[in-house]
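These notes concern the structure reproduced below.
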Amino acid sequence: MKNRVTALFDIEYPIIQGGMIWASGWRLASAVSNAGGLGLLGAGSMYPEVLREHIQKYQQATQKPFGVNVPMLYPDIDKLMHIIVEMGVKIVFTSAGNPKTWTQFLKERGITVVHVVSSLKFALKAQAAGVDAIVAEGFEAGGHNGRDETTTMVLIPAIRKEIDIPLIAAGGIATGKAMLAALVLGADGVQVGSRFVASHEASSHILFKQKVVEAGEGDTQLTLKELAPVRLLKNKFYDDVQLAYQNHTSEAGLKQLLGRARAKRGMFEGDMEEGELEIGQVSALIREVKPAAQIIEDMMREFEEAKIEVSHF
């Protein structure tokens, strides 16, 4: 496929692997890039020197393009950004913050910048800040999310009408049919997260991967809006959060309940009861852990088949 997203990143298919915490290490990113998509390292769960190590290992695994996702709430973001520049990374996806903060710094150093948004308001701000592309993420997505609960199907056409730069759809996309729908709505490409969590190369724990493929409709929920909205698989920790709401627990009490490193505990270390299990609604459609290359191959085959089906209407 040739379009604005494949041209921007010099990739074969307009499929970007989300830079997810505790799942997106060098093995997954390089596997996606080698299969024709764009792999992203998830720096949100990496200390600066760990990020350096993952960049080095990625560069040893492939010469294909890749990027780094950097949540701008990260406490040592300045260290991450300087490692990214020092190591010759050419693509950065920023999220969870003001795109004005780092966009100019990165672009002055020849780096392509993409910002993740959950609303038209922030899409316009990102475009004004000079980013090269936008990821618009509907509230179906896993992990930390927008407060407005706007779905991907509404968000993509709303933003497409108002911005000129390439637009990447995210949230609820794990199949070729969903990819085709996103492009029809006005996206130039798709960012896929949850489907790649359930891949062999993802650094997430095998028990978490198995939990994802066992999930059904309604097994995820957006919660903890007072702190930072996050979509979770239901488990004991989720039930404890709901009980806290029933008991009218304060924001400080919710913070105490959440504690520290709970996402690592669940997604990376495999505690399926007390851990925070971040995943999207589309987990209800995922039924098998597969190699990343197979995921991309399946998506592209289904995409082409869906185009033929639609042409018959």
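A quick note: this is a predicted structure, and the numbers were derived from the prediction, not measured.
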Donor-acceptor contact present, side-chain Arg301 to main-chain Glu304, <3.5 Å = no
Approximate separation, where rounding is to 0.5 Å, of Leu183 CG and Met1 CE | 5.5 Å
Using 4.0 Å as the upper bound for N to carboxylate O, is an ion pair formed by Lys211 and Glu214?
-> no
Say you draw a straight line from OG1 of Thr103 to CD1 of Ile111; how long is it, rounded to the nearest 0.5 Å?
-> 11.0 Å
With the side chain counted from C-beta on, respond yes when Leu51 and Ile84 share a heavy-atom pair under 4.5 Å apart, and no when they do not.
-> yes
Contact check, side chains of Leu257 and Phe237, non-hydrogen atoms, under 4.5 Å | yes
With no hydrogens and no angle check, is any side-chain donor or acceptor of Asp148 less than 3.5 Å from a backbone partner on Ser118?
-> no
Where do Arg160 and Asp188 land on the salt bridge (charged side-chain N to carboxylate O under 4.0 Å, His left out) test, with the steps shown first?
-> CA-CA 10 Å; Arg160 176 75 287 160; Asp188 300 290; 3.0 Å; yes
Is there side-chain contact between His82 and Phe105, with at least one heavy-atom pair below 4.5 Å?
-> yes
Asp76 side chain to Lys79 main-chain N or O, any donor-acceptor pair under 3.5 Å?
-> no
Counting only N and O atoms by type, is there a donor-acceptor contact under 3.5 Å from the side chain of Tyr245 to the main-chain atoms of Leu224?
-> yes
Between Glu274 and Arg262, is there a side-chain N and carboxylate O pair less than 4.0 Å apart?
-> yes
Closest non-hydrogen atoms of Met272 and Asn235, given as atom of the first, atom of the second and distance, are O-ND2, 3.0 Å
Begin with the C-alpha distance, continue with both residues' side-chain angles, and end with the deciding distance and a verdict on side chain to side chain donor-acceptor pair (under 3.5 Å) for Gln104 and Glu108.
-> CA-CA 6 Å; Gln104 184 176 354; Glu108 286 175 352; 2.9 Å; yes
Spell out, as yes or no, whether a donor-acceptor pair under 3.5 Å connects the side chain of Ser194 to the backbone of Ser283.
-> no
Between Leu40 and Ser24, is any pair of side-chain heavy atoms under 4.5 Å apart?
-> no
Could you tell me whether the side chains of Gln246 and Gln242 share a donor-acceptor contact shorter than 3.5 Å?
-> no
Fit a plane to each ring of Trp22 and Phe268, take the angle between them on a 0 to 90° scale, and name the class: parallel (under 30°), tilted (30 to 60°) or perpendicular (over 60°).
-> tilted
Is a side-chain N or O of Lys234 found less than 3.5 angstrom from the main chain of Gly218, in a donor-acceptor match?
-> yes
Shared hydrophobic cluster, Val131 / Val89 (ILVMFWY, side-chain heavy atoms < 4.5 Å) | yes
Sidechain-backbone polar pair: Glu12 side chain, Gly36 backbone, donor-acceptor under 3.5 Å = no
Is a side-chain N or O of Lys209 found less than 3.5 angstrom from the main chain of Ser199, in a donor-acceptor match?
-> yes
Closest contact, heavy atoms only, Glu269 versus Arg265 | CB-O, 3.4 Å
In this structure, CZ of Phe93 is separated from CG of Leu38 (nearest 0.5 Å) by 5.5 Å
Closest contact, heavy atoms only, Glu137 versus Val116 | CB-CG1, 4.3 Å
Provide the closest heavy-atom pair for Ile165 versus Asp132 in the form atom of the first, atom of the second, distance.
-> CB-O, 3.8 Å
dist Thr6:OG1 -> Ile15:CD1 (nearest 0.5 Å) comes out at 11.5 Å
Closest heavy-atom pair, Thr220 versus Arg231, reported as atoms and distance to 0.1 Å, is OG1-NH1, 3.2 Å
About how many Å separate CD of Glu201 and CD1 of Ile295, when rounded to the nearest 0.5 Å?
-> 7.5 Å
Hey, what do you get for CG (Leu41) to CD (Glu53), rounding to the nearest 0.5 Å?
-> 11.5 Å
Can you name the closest pair of heavy atoms from Trp26 and Tyr58 and give their distance?
-> CB-N, 3.8 Å
Distance-only, no hydrogens or angles: does the Glu278 side chain make a donor-acceptor pair with backbone N or O of Ala263 under 3.5 Å?
-> no
With distance as the sole test, does Arg147 use its side chain to make a donor-acceptor pair with the main-chain N or O of Lys225 at under 3.5 Å?
-> yes
